[in-house]
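Inspection log for the structure reproduced underneath, given as structure tokens.
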Amino acid sequence: MKTSKKIFLGTLLMMLSFSMEAQKKPNIILLYADDISARELPIYGSDTWSLPKGGKLKGGDTQDVQYRAKTPNLNRLAQEGVFVKTTWAATVCSPSRAMMMTGRYAHLHKWWHNSDKGKAPRGKGSWNLYDSSPHSIANVAKAGGYATYWAGKTQMNISGFKFDEGCFTPGEGSYNKAIHTTDFRLETRKETGKKKIYNADTGKPLTQKSYVQSGWYWKPHVQLMNQPGSKKHLDWWPNDKASKKEFGLNTFGPDVELEYIFDFMERKKKEDEPFFVYHTSHLGHDAFDFLHPDSGNKWPGTPKISWDGKKYTRTAPNVTGDNGVYDTHGTITEDGIHNHVNYLDYQVWLYMNKLKEMGIEDNTIFIFCADNGTSGYGKSSPISQRGTHVPLIIYAPGLHMTKKGAQDILVNISDMLPTIAEIAGVKIPDSYEINGESLIPFLTTKKKKHREWIYAYHKETQIVRGDLVMKDGNNVWYDVSANPTDLISFPKIKDWSTVSEAHRKERDELLGIIPQFNLHETAHDAPKGGYGKVAPLEKK
């Protein structure tokens, strides 16, 4: 009788244990790539993509397959998970990241463009996102009980976001400042009373057009935040004997980011704590090529990788030289955004392997997207959906999604915050305006549509589309009822009598939506008193 009782109690404890395990919140990884249009990923089926710009190449569009990205792992995640045909961000980095991190449009957070940001209350500088929109993506995750990590590009003041730890490239505050770890930096110097941009590595003025920047690819500027073992809140890396010994010309910034992300994931797994990783990779963004300073390269090469159908092999970089004269010994790829996309695919493969190794693949939601269109093609363009159309892939084997593969729906980058809130079991107060809409109902039920329309902005211009028509930032209307082969060349509507009544009806509905967001001229800056007291986040 006692033995039977022990067996029963043991079985009950096991059942309770399994039940608790099943109720654990899923980990969330959001990989937010930089300046990559949907057309650059083969899964989107475009017949045109971006050509490298450097050496004899002049950039622009191409249909040459040698410059086509190869993404076997992103393809697999897109087919086994879902990928959205039409996802919009803003047209350029800062306002798009603002939309991602706040779930709101510029009429609220006031980041209209990189160089066009509304003043804070009482006119003290531009309005920080965490002040204009305190329920940011990090705050939402923290409220849901998640440990939080931010890796990669920041492009904003990080101090008010509730990320527990971080690894930034370049480190926050490093722009145009000399630091002790690396001289891969472009800086402004005065020469005969005039400002010129110099390459700090060579000490020579630039002979090509560029802007002041710190190196985030090779021999990168890296700053760690709240790294365990460090007494500093922000600490320049390398910061110990081992890392100082390894750091140098062969150090690639995106590799450093992933190393610290994986360390964070392992620690949180041991601590039995769900984690949210916000990985804002620089990959995709153009940059000065310090290894080839006179080349005019737009997208510096990455470490060489090769895919054999099952696994990637990475060639260890072997760069030698100094003062602007370097030999890569054939270990670094040529210039090109396709190589950046390829390396992202390699990193996604590493992510998937790590999740399997840790036994958490089925309890992790992996999201891949980008902040705006490709530089030289779509970035900062209000034409059609050049600047706004970005990839979106969601892979979540444990989410029991009712959808699979391509989804012909409309999604906005602002939808990520409420999606994460729903996953985390966090309720955003009704009094706090959110422009995003959670994707969870669409992904997990028989719901056929997600949104009726999507919206974006470019400075003072408004961009909006539905299922049938689209208005771009130049007030040109398009028939978007069918996708062109290049994902961009929609027929222009010049005579509304040539389209259906449904097209005209949707046009009128979209015109009715715009005024609530079109506040660039009338409410460019923050209200003098801000938005007042904000109701707190709640657990569902």
Side-chain angles (χ1 to χ4, degrees), residues 21 24-33 70-81 141 146-153 163-169 220 222 224-229 237 242-243 246 251-284 302-317 340-369 393-399 420 423:
E21 185 70 22
K24 279 187 178 179
K25 290 180 179 178
N27 307 299
I28 306 167
I29 299 170
L30 175 53
L31 176 48
Y32 199 29
K70 297 177 179 65
T71 56
N73 292 279
L74 284 168
N75 291 359
R76 180 182 71 83
L77 300 193
Q79 297 292 6
E80 294 181 8
Y146 282 74
T148 56
Y149 199 91
W150 186 1
K153 181 178 180 177
F163 285 97
D164 296 315
E165 300 176 34
C167 173
F168 306 124
T169 53
V222 178
L224 303 177
M225 181 177 74
N226 296 334
Q227 179 64 21
W237 180 91
S243 58
E246 294 175 4
T251 305
F252 191 54
D255 293 336
V256 179
E257 294 167 8
L258 209 58
E259 179 181 339
Y260 277 96
I261 289 169
F262 286 176
D263 173 71
F264 172 78
M265 287 164 52
E266 288 174 345
R267 286 188 280 110
K268 297 308 155 185
K269 173 67 164 54
K270 288 179 182 176
E271 294 165 12
D272 200 29
E273 189 175 5
F275 58 77
F276 168 54
V277 171
Y278 184 48
H279 185 181
T280 52
S281 176
H282 271 99
L283 284 166
T302 73
K304 282 190 173 178
I305 53 174
S306 61
W307 175 256
D308 66 5
K310 293 183 179 179
K311 66 180 187 305
Y312 271 111
T313 301
R314 177 182 179 274
T315 299
H340 282 221
V341 176
N342 292 347
Y343 208 77
L344 281 165
D345 192 74
Y346 163 69
Q347 290 204 319
V348 168
W349 177 73
L350 292 176
Y351 264 120
M352 293 303 115
N353 287 347
K354 192 66 180 179
L355 296 176
K356 288 175 184 175
E357 174 193 311
M358 295 171 65
I360 57 174
E361 183 184 18
D362 288 346
N363 196 41
T364 301
I365 295 171
F366 187 88
I367 303 169
F368 176 89
C369 52
I393 298 170
I394 301 174
Y395 178 72
L399 190 59
I420 289 168
I423 294 167

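Everything quoted here is computed from the prediction, not taken from an experiment.
A 4.5 Å side-chain heavy-atom check between Q227 and W237 finds every atom pair outside the cut-off. Looking only at side-chain heavy atoms (C-beta outward), N27 and I360 come within less than 4.5 Å of each other. Inter-residue side-chain proximity for D272 and K24 is flagged as met; some heavy-atom pair is nearer than 4.5 Å. Annotation: side chain of L77 is not in contact with side chain of F368 (no heavy-atom distance under 4.5 Å). The shortest distance between side-chain heavy atoms of H340 and T302 falls below 4.5 Å. You'll find the side chain of F163 reaches within 4.5 Å of the side chain of F276, heavy atoms only. Proximity of V222 to Y260: side-chain heavy atoms (C-beta onward) are nowhere separated by under 4.5 Å. Between I29 and I261 the shortest side-chain heavy-atom distance does not fall below 4.5 Å.
Of the possible polar contacts, one joining the T280 side chain to the K153 backbone as a donor-acceptor pair under 3.5 Å is found. Under the 3.5 Å distance criterion, the side-chain polar atoms of S281 are left unmatched by any main-chain donor or acceptor of A33. Side-chain atoms of H279 do not come within 3.5 Å of backbone N or O of L31 as any donor-acceptor pair.
Separating the NZ atom in K269 from the CZ atom in F275 is a distance of 9.5 Å, to the nearest 0.5 Å. Taking CG from L258 and CG from L350, the interatomic distance works out to 6.0 Å, rounded to the nearest 0.5 Å. Note that OG1 of T364 is 8.0 Å distant from CE of M352, once rounded to the nearest 0.5 Å. Note that OH of Y146 is 4.0 Å distant from CD1 of I28, once rounded to the nearest 0.5 Å. Distance check: I305 CD1 to T315 OG1 gives 9.5 Å after rounding to the nearest 0.5 Å. In this structure, CD1 in I365 is found 12.5 Å from OH in Y395, a value given to the nearest 0.5 Å.
Here the shortest heavy-atom pairing between L355 and M265 reads CD2-CE, 3.7 Å. The two residues V348 and L74 make their nearest non-hydrogen contact at CG2-CD2, 3.8 Å. Listed here is the closest heavy atom pair of Q347 and P254: NE2-O, 3.0 Å.
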(message) Show, in sequence, the C-alpha distance, side-chain angles and deciding distance for R267 and E273, and conclude whether the salt bridge (Lys or Arg N to Asp or Glu O under 4.0 Å) test is met.
(response) CA-CA 9 Å; R267 286 188 280 110; E273 189 175 5; over 6 Å; no
(request) Start with the C-alpha gap between E361 and F366, add the side-chain angles, then the distance that decides, and say whether side chain to side chain contact (heavy atoms under 4.5 Å, CB included) holds. (result) CA-CA 9 Å; E361 183 184 18; F366 187 88; over 6 Å; no
(message) Evaluate D345 against Y312 for side chain to side chain donor-acceptor pair (under 3.5 Å), listing each step before the verdict.
(response) CA-CA 10 Å; D345 192 74; Y312 271 111; 2.6 Å; yes
(request) Please lay out, stage by stage, how C369 and L30 fare under the test side chain to side chain contact (heavy atoms under 4.5 Å, CB included). (result) CA-CA 8 Å; C369 52; L30 175 53; 3.8 Å; yes
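Partners of N226 by side chain to side chain contact (heavy atoms under 4.5 Å, CB included), not counting sequence neighbours, listed by chain and number: E165, H233.
Under 4.0 Å is where a charged nitrogen must lie from a carboxylate oxygen, and between E357 and K354 at least one such pair does. A salt bridge is defined here as a Lys NZ or Arg NE, NH1 or NH2 lying under 4.0 Å from an Asp or Glu carboxylate O, and D255 with R314 meets this definition.
Between Y351 and F262, the two ring planes are perpendicular [angle over 60°; tilted spans 30° to 60°].
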